[in-house]
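Only one structure is covered here, and it is reproduced in the block below.
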Amino acid sequence: MMSRYSATEIEAKWQEAWDKAGIFTADHKADKPKYYVLEMFPYPSGRIHMGHVRNYTMGDVIARHKLATGHNVLHPMGWDAFGMPAENAAMASGGHPKDWTYGNIADMRSQMKPLGLSIDWSREFATCDPEYYGQQQALFLDMLEAGLVYRKNAVVNWDPVDMTVLANEQVENGRGWRSGALVERRELTQWFFKISDYSEELLDALDTLENWPAKVRLMQENWIGKSRGLQFSFERTDEGEPITVYTTRPDTLLGASFVGISPDHPIARQLEAENPEVAEFVAECRKGGTTEEAIETAEKLGYDTGIRVKHPLDPSWELPVWIANFILMDYGTGAIFACPAHDQRDLDFCRKYGLPVVDTFFALDDDSPVDKIAFVPPKTVKVRWVNHFAGLTEATGEEAINATVDFAEKAGWGEGVTKYRLRDWGLSRQRYWGCPIPVVHCEKCGTVPEKKENLPIELPYDDGNGKPIDFSIPGNPLDRHPNWRDTPCPSCGAPAKRETDTMDTFVDSSWYYARFTAPRAETPTDLAEAEYWMNVDQYIGGIEHAILHLLYSRFFARAMNITGHLPKTAIEPFNALFTQGMVTHECYTPEGGSEKRGPFFFPEEVDREKKIKLDTGEPIWIFPSVKMSKSKKNVVDPMEIVQSYGADTARWFVLSDSPPERDVEWTASGAEAAFKHLARVHRIASEIVESDSPANADDETLLREMHKAIHDVSGGVESFGFNASIAKLYAFTNTLAKSKAGTAAKREAAKTLAQLMSPMTPHLSEELWQLLGGEGLVAMAPWPVADEAMLIDDTVTLPIQINGKRRAEISVAKDLDKAEVEKIALSTEAVQKALDGAAPKKVIVVPGRIVNVVV
RNA sequence: GCGGGCGUGAUGGAAUGGUAGACAUAUCGGACUUAAAAUCCGAAGGCCUUAGUGCCGUGUGGGUUCGAGUCCCACCGCCCGCACCA
């Protein structure tokens, strides 16, 4: 009797079998090479989405392949569980962030388990577990002691109506999301990690990350932003302190038209206190959010302070000092000189305020003066200089910068300086649902670290009066908590106050990979375990984490090494990184709608064939490839797919259509097709088992194809070419289905097919493996190895090009030498016709690939 | 605004600088069937009064090369990040 493919039955059965055999429990003691594969852990929103399925399936393919190639695999899962959504939920519909979060974790875990991932669930933790964040507090104290943490002022988004700090995403068009009030930038004392001390090292070490995408390394390099420039001071015409500026283009000093200072520069601060007009201007500059984007795109504003400075090259040349809103106090010295001819921002500013524009160099072939577009050629391009002070005539920007730094240093008025764009990492958050910062503020002793034996400093569940915390009141509930805040000073014992800020959730995710190596240890890590399991051999996640999360993690690994929690070998924690694309899906709007603004219809509200809305019959538009999101009503719930088709279908589909680093478009027909294909494989295998035909001449052809499939599929899996592996699996399935080979050969081919599919469709593969008489679990069966001799064909088909266009093809023996190939190629009719008796100008023979005849 | 990336048939995509469109979807045709579903077989980038190993064709325009989807330059469009979203 032929059995039908029933995913529900098969999947539950094999998940139970894996559990029973305990094959995914990572065991330090096993006598095999270790392999640590990690996907970026999820935020527990409550529902898994297709992006999760894709991310974890990719990791699972790697993990299962490594298991089958004899590795001791660590493949853990946890929850990035602190953060704003939990507080927002409490605000919106009552309840407690903790209950909401743990409820969501339970829901998501129950949605993930049916996917059949090879995860060691015994290592699971959530960052909001006191056991985890208590160790994070210990880590913080060690870092504080090591001088890696300090306090300073920093600006935050301030909502003047709600009297609260806003996250950047809570600022919409410069206004607070709830109050609608215009947001201001306000200073607050905050805790910082000294990541900037490691700028040079984090930059240099990028070169060692060979298995990271080049684009991610480049993004980090630009983010760290090392620059060499000149620092020097402008003497003032009054008696005031000189103004120190930093410039990366000292070569354009003769094009200076003003000196600009940040609204937060000490001189601006002083004027602000003295002069109401300046105070008003500076207040205007502080309007709007803190993001670099908001600051850079804001309209350029300037205020002439009346202060004048002397040009260092010509003391009789006076430059005005302006306060300008686009100058950041955080970068360089907070003061610049503006050269409008060669900087678009400076030019826009000068045109607006009628300041002079002086060209200092021209293109070699064009000497038209700058008008509305600044002339900013790449620094490697040679330009012609106008009366250059260091004597240059024609030189590249690079050469000019070096020459002018030398010139200023020799003349004694300036100094070559290296600076970085990377700022220290502010970790304070004025919020409840995060890891409490374990310090106490004492009137006598100042800021005192909490004692380690008092850790974890746990978040209070209620408001201190036995009532639920009221999250509808703006501001941090910890800050208004009557007794959680009050605590004796760890140093002198006098009444003191706890720090009520909690940590940035990036802290939580900066060391979880290390914690997975010993998740129940009573110290942040267990060195022996960390030494064995680290580094993460393959890390997989979204490109949106290319900079912050990955840079912070690299810093934290270094900090953990310094504080004795990680070995020196683990300071670059991720040996290989892969950034996967999103899952998209079409969305539906009325005719004339927009894929950005909608309005949107749910898939069940429309007939996509007829392109109408079902209830009203009105015409609709279909936009393909839109990022799945609730607001666009185009989310496909993985659980529905798992229930109707099975996990293997969902897994197969998310891997099949697109290269992993690119977005994949979810389509109903694609999912249906994936299911049909798996059912077909099941049917083919069943038919083979029931057949009985003798060995014959087709056996070798099938087995040759089988070895090619082993080679190609393995290659795809090893190089993140999952879509290519799947294409090959389709092709090999077609070959097998059509083959006239004998039963024994077909059975062997089908067993190999089941094995090759097992990282992608593990349940179906187990079923087929059993059906075809495989021993034990396919998950533990040694990965097949291609026989090199079976991969090579005796003859190859070579295309013949004439002047680069394909005109003919020849079939020759694989190892025929070049001269012979050339002779055969030249004798073809097409070539003879093209040559028309003349000799070819040139013949290029690429063995095994192509022949090109130039006539 | 700044930094990074992507762009190939109707659709998702394949292609160490070497036969563009593998594999799949949708479509169309055929077989099987009383019929449908399922399954199996096949066609298919565009163009053409010459149906040809014909011409054109990988966002647009240039360039390098015997040869460019692939490398370089410029432009257009879309996506990601911009330090308190995770």
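In this text, all values refer to a predicted model and were calculated from it rather than measured experimentally. Labels below follow one simple rule: chain letters A, B, ... track the order of the sequence lines, proteins then strands, and each chain is numbered from 1.
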Which is true for [X] with a 4.0 Å heavy-atom rule: it touches a base, it touches only sugar-phosphate, or it touches nothing?
X	result
A/R217	nothing
A/F326	nothing
A/L551	nothing
A/H549	nothing
A/T297	base
A/G83	sugar-phosphate

Check nucleotides 40-45 of chain B against the protein and report each pair of N or O atoms closer than 3.5 Å, with its distance, or say if there are none.
residue	atom	partner	partner atom	Å
B/rC40	OP1	A/R680	NE	2.8

- Name the residue closer to the 5' end of RNA chain B, choosing between A/A731 and A/E296 according to the nucleotide with the nearest heavy atom.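 By nearest-heavy-atom nucleotide position, the 5'-most residue is A/E296.
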
- Under the rule syn = chi within 90° of 0, otherwise anti, which is B/rG61? anti

Considering only side-chain heavy atoms of [X], which listed nucleotide, [options], is closest?
X	options	answer
A/R662	B/rA86, B/rC84, B/rA14	B/rA14
A/D504	B/rC82, B/rC84, B/rC6	B/rC84
A/E809	B/rC66, B/rU19, B/rG1	B/rU19

- Message: Taking atom types as they are modelled, would you say the side chain of A/N852 forms a donor-acceptor pair with the base of B/rC66 within the 3.5 Å cutoff?
- Response: yes

- Confirm from the modelled atom types if A/Q190 and B/rC84 form a donor-acceptor pair under 3.5 Å, side chain to base only. yes

- Query: Within 45 degrees of the axis of the six-membered ring of A/W223 and under 6.0 Å from its centre: does A/R421 put its NZ or CZ there?
  - Reply: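 Yes, A/R421 and A/W223 form such a contact.
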
- Message: Let me check I have this right: for RNA chain B, each base becomes ., (, ), [, ] or |, based on Watson-Crick or G-U pairs with both distances under 3.5 Å. What is the full string?
- Response: (((((((..(((.....[....))).(((((.......))))).((((...).)))..(((((..]....))))))))))))....

- Task: Pick out which of A/F556, A/Y198, A/W191 makes a ring-ring contact (aromatic ring centres under 6.0 Å, His included) with A/W425.
- Result: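 Exactly one pass, corresponding to A/F556.
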
- Item | RNA chain B contacts made by residues 218-226 of chain A, counting heavy atoms under 4.0 Å | A/L218, A/M219, A/N222, A/W223

